[in-house]
Structures are given as C-alpha cells and as structure tokens.
Amino acid sequence: MSVTRGFTRRDRSDPRLPPGQYNTGDNWPVLSYEPTPRLDTATWTFTVDGLVRDAHTWSWADLHKMPGSSYEGAIHCVTTWSKFDMTFRGVSVDTLLDRAGPLPEAGFVMARSHTGYTTNLPLRDVLGNKAWVVWEVGGKPLPAEHGGPARLLVPHLYFWKSAKWVSGLHLMDHDEQGLWERSGYHDRGDPWLEQRYQGD
Ligand SMILES: Nc1nc2c(c(=O)[nH]1)N[C@H]1C(S)=C(S)[C@@H](COP(=O)(O)O)O[C@H]1N2
Ligand SMILES: [Mo]
C-alpha cells in the first residue's frame, strides 16, 4: 500500500530537499505576521549597530553604491515548503559588517524590520557569504509582500530568519530571542538538522 502525503516520490528523493520539506514549484507563498507596509525608498534606512566599532546607517542610495552580490539557490520555510532556483540580488552582509566593524565580543545578531518584526541569529550565520540584504528577485524589484523594498536573506536557515522589510542588524554578546523564537521556534533553525522548534 502506498501513502500519499501531498508530495511526489521524486520530491522525496530530491537531494536539494531537506528532511520533511516538499517542493512548492512555481508557487511562492506569502507568510507575514504583520500587514504589508508601504515603505518609501526616499526615507528608507538600514542600520548596523550594537557591538560594532562604528555604527552605520545606509540610505537606499548608499546601499546601492556598495559592491553587489547575488544568491542563486533554494529557500526553505519551516511550514515545509522549499523553493528552488531562486535568484536574489543585493549586498552581502559581510560587506555591511566590514564597514561597521564587529567588536570581538559580538557573537549574536538581532535582525529588525521596519514593522517591528525581529529574529535572532548567531553572527557566524550571517558572515562568510551566507547572508544578504536583497532588493531584487528574478531580475525584478522585490515585491512588497515578499519584503520589498529590501529584506534579509539567510537561505541556509529556515526562511523565518530572512526578515522582510529589514531595517537593520543589532550585534550583541549574548543570544536574545526574536518574535517567532519567543513563541517556540528554534534559535538557529538549520533545515538540514530539522531545527524547527526549541529543543529540536
Ligand atoms: N517582517 C517579517 N519578516 C518575515 C516574516 C514576517 O512575518 N514578518 N515571516 C517569516 C517567515 S515565517 C517566512 S517563511 C518568510 C516568508 O517570506 P515570503 O512571504 O517572501 O515567502 O518571511 C520571514 N520573514
Ligand atoms: Mo515560515
């Protein structure tokens, strides 16, 4: 007897799929806790502060003057969909943190959104060309419902770490939980280790 669970045999054997995930195909679900804000790029800012040598705020124009960087690959939502062959363009978090200069005691990051959304990450998970602030997807401006004008992208972790409408990164010497983490989601969220909830 075969059991159908809403995904195909081929999906389950796709080596790009972390455990417990299915391929959402062309569909890109929108998952937002808050209503989609309409942010004006004329007044939009992105700030790196906390345990840094030189806290810095970029305007929309400033950010576009930084060396560009892109990500091509998959994204994985904790609600079990994964989406392949995504192309995002923006600036690498390494480039932004280089400018601000993390202090040696900085080990954790709180990502913040213009809407008040927060999510925590170990500093090492946003360094080493693993995280970006992105404003383009598939060669087009990032749609507002997907976090435009710009969102954080940390594709090697579950997608709730990729804060939409990102407003900045706050560096800390200790871990503090963000919005979903306080409600039971995992502090790190590695999809390959199925770190969905606290204790996983
Ligand atoms: N500001 C903000 N960022 C957020 C969220 C949110 O509710 N608010 N949801 C997270 C979750 S749970 C997921 S799966 C992705 C969804 O991104 P998408 O709507 O572009 O698919 O955004 C993440 N970033
Ligand atoms: Mo999610």
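Both ligands and their constituent atoms are indexed starting at 1 by order of listing.
- Between Phe88 and Phe159, the ring planes lie tilted relative to each other; the angle falls in the 30° to 60° range.
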Present, as a list of atom pairs with distances to 0.1 Å, all nitrogen or oxygen contacts under 3.5 Å between ligand 1 and the protein.
residue	atom	partner	partner atom	Å
ligand 1	1 (N)	Glu34	OE2	2.9
ligand 1	1 (N)	Ser113	OG	3.4
ligand 1	1 (N)	Lys164	O	3.1
ligand 1	3 (N)	Lys164	N	2.9
ligand 1	7 (O)	Tyr33	N	2.7
ligand 1	7 (O)	Glu34	OE1	3.3
ligand 1	8 (N)	Glu34	OE1	2.7
ligand 1	8 (N)	Glu34	OE2	3.3
ligand 1	9 (N)	Leu31	O	3.3
ligand 1	17 (O)	Arg151	NH2	3.2
ligand 1	19 (O)	Leu31	N	2.9
ligand 1	19 (O)	Lys164	NZ	2.5
ligand 1	20 (O)	His146	ND1	2.6
ligand 1	20 (O)	Arg151	NH1	2.8
ligand 1	21 (O)	Trp28	NE1	3.0
ligand 1	21 (O)	Pro29	O	2.7
ligand 1	22 (O)	Arg151	NH2	3.2
ligand 1	24 (N)	Ser162	O	3.0

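- If you chain together hydrophobic residues whose side chains sit under 4.5 Å apart, Trp160 and Val154 never meet in one group.
- Ring geometry for Tyr185 against Trp180 counts as tilted: the plane angle lies between 30° and 60°, on a 0 to 90° scale.
- Between Phe46 and Trp58, the angle of the ring planes lies from 30° to 60°, which puts this pair in the tilted group.
- By the 30° and 60° cut-offs, the orientation of the rings of His114 relative to Trp44 is tilted.
- Of the options Asp175, Asp200, Asp125, a side chain to side chain donor-acceptor pair (under 3.5 Å) to Arg188 is made by Asp125 and by none of the others.
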